[in-house]
Protein chains: 2
Amino acid sequence: MLSRSHPRPPRTGRPRSAAADEAILEATRASLVDLGWSKLTMGDVATRAGVAKTTLYRRWAGKNELVVDAVAVLFDELELPDLGSLSADVQAVVLQFAALLERPETRTALMAVVAESTRDEALRTRIRDSIVDRQKRLVLQGRRRAQERGELPVEPDEGTASTTADLIFDVIAGAVVHRVLVSAESVDADWARRFTVLLLAGLGAAASA
Amino acid sequence: MLSRSHPRPPRTGRPRSAAADEAILEATRASLVDLGWSKLTMGDVATRAGVAKTTLYRRWAGKNELVVDAVAVLFDELELPDLGSLSADVQAVVLQFAALLERPETRTALMAVVAESTRDEALRTRIRDSIVDRQKRLVLQGRRRAQERGELPVEPDEGTASTTADLIFDVIAGAVVHRVLVSAESVDADWARRFTVLLLAGLGAAASA
DNA sequence: CCAGTTACGCTACGGGTCGTAGCGTAAGGA
DNA sequence: TCCTTACGCTACGACCCGTAGCGTAACTGG
């Protein structure tokens with residue numbers, strides 16, 4: 001799950017401190033909670049982590065990359081429960097996702113890094129790999145389960161199946177994000193139920209269109 | 001449409017230059033296109049607008065408020081066409097909204113100011129008043145038209161009708177924003193059609209739940 | 001045990017932006 | 001004409017950035 005070390009470490013010399021890595025990421029999340037995205041500085045994170053500022057720059061190019069990695073691990077918590085029906089599974093994952101977005105670390109960081117990524121291709125790739133794809137996996141997993149249960153038809157064409165999954169993903173993630181971060185209203189069980197009713201009814205129609 | 005002058009101007013003294021206002025907002029949009037949100041500075045905007053930096057600070061508290069106002073006017077372009085059916089109207093407004101989000105000014109600015117607003121209540125209110133509510137109006141307008149056409153039932157209870165409208169708004173705006181800014185894929189006519197099919201089918205079910 | 005190699009902590013630095021204060025001048029109103 | 005407010009300009013301390021340089025620490029291969 002932690003394959004974020006593209007340049008493989010050389011076999012010689014002093015190895016990088018893994019403890020420092022975790023301390024820095026933890027300090028980054030703490031700083032996000034206390035200061036928020038805009039007032040978070042590299043110097044502050046270094047101080048909190050008990051590490052020199054230069055050590056941060058040896059591992060991350062800047063604030064953007066650092067925060068993405070610090071927040072990404074939180075998305076590992078997301079998982080699709082097996083509650084017996086597609087409707088129950090969707091509602092549960094919606095509530096999970098909303099709870100994650102309501103945490104102060106993600107709340108302040110997620111939109112900020114996405115905003116930065118609109119002008120930084122490498123950052124967009126990093127976000128996609130470490131955050132977005134982890135959510136998307138849940139959609140694919142949920143569809144597979146629903147098909148096994150007979151709740152959803154198996155789409156014959158590979159292409160349309162893929163674009164449908166993309167559509168569903170944007171609808172679910174987009175709606176929850178918009179509700180929490182833009183409308184700034186909480187996602188409770190009732191909202192999740194209403195949303196799921198809408199989505200599943202639409203899903204049936206979308207498959208046959 | 002431009003009621004953004006809470007502190008009403010005093011009856012005496014030199015009046016504020018309306019030309020400078022427009023020059024500053026225009027310069028802000030230009031700077032967003034060239035530099036993006038993170039590299040945009042107050043000094044740069046002042047230089048582009050041909051005004052002193054102090055003049056900016058006399059009117060806006062900072063970068064956040066300035067950019068919100070600069071981008072807000074772009075959302076005035078959004079309007080709900082009357083194409084004869086709810087489906088056609090939704091598709092059209094989705095394409096309009098997507099086109100707006102794909103402009104470099106909004107692309108880089110929108111998520112950034114929303115991110116900032118998570119820690120700034122006043123900024124959140126400003127965004128809501130000058131951006132979000134203008135979109136929400138389209139949803140209410142579209143529902144009213146559809147009810148007049150007989151495409152949608154008139155919901156008896158005022159409360160559930162309101163929460164349903166909120167849900168629809170989060171789904172539409174959220175899905176489009178997520179598609180364009182997170183998934184970073186274009187919203188074409190086909191996507192708009194698929195999305196609308198899903199939404200309208202779900203709408204029927206949501207009303208009766 | 002001893003070079004060789006890499007990581008780390010620390011200090012210092014030039015460069016940039018912030019937001020404000022102070023001043024003289026410009027543009028309206030009583 | 002006085003009064004009031006807006007404007008342009010300069011200057012300033014404060015902060016953060018990202019890097020260079022150096023001595024030290026940790027681990028490896030001979």
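Computed over heavy atoms, backbone and side chain alike; hydrogens, waters and symmetry mates excluded. Order of the sequence lines fixes the chain letters, A, B, ..., with proteins taken first and strands second; residue numbering starts at 1 for each chain.
Between the side chains of B:S186 and B:E102, no donor N or O sits under 3.5 Å from an acceptor N or O. Checked by atom type, the side-chain pair B:S87/B:Q91 shows a donor-acceptor distance below 3.5 Å.
Tested against B:L100, the residues B:V71, B:L78, B:L95 include a single side-chain contact (heavy atoms from CB on, under 4.5 Å) partner, B:L78.
Place B:R58 and B:G62 on DNA chain C by their nearest nucleotides, and B:G62 ends up nearer the 5' end.
Within the model, atoms CG of A:L110 and CD1 of A:I131 stand 5.5 Å from one another, a figure rounded to the nearest 0.5 Å. We find the CZ-CG distance between A:R103 and A:L74 to be 5.0 Å, quoted to the nearest 0.5 Å.
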- When you look at B:R58 and B:T54, which way does the side chain to side chain contact (heavy atoms under 4.5 Å, CB included) test go after all the steps? CA-CA 6 Å; B:R58 289 191 187 99; B:T54 48; 3.7 Å; yes
Evaluate the criterion side chain to side chain contact (heavy atoms under 4.5 Å, CB included) for residue pair B:V94 and B:R179; output intermediate values, then yes/no. CA-CA 11 Å; B:V94 160; B:R179 169 81 177 178; over 6 Å; no
Per-nt protein contacts along nucleotides 11-18 of chain C (heavy atom under 4.0 Å; B base, S backbone sugar-phosphate only, - none) come out as ------SB
Scoring nucleotides 24-30 of chain D by protein non-hydrogen atoms under 4.0 Å (B base, S sugar-phosphate only, - none) yields -BBSS--
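Contacts between residues 29-36 of chain A and DNA chain C, defined by a heavy-atom separation below 4.0 Å, involve no residue at all.
For the pair B:L56 CG and C:dG19 P, the computed distance is 11 Å after rounding to whole Å.
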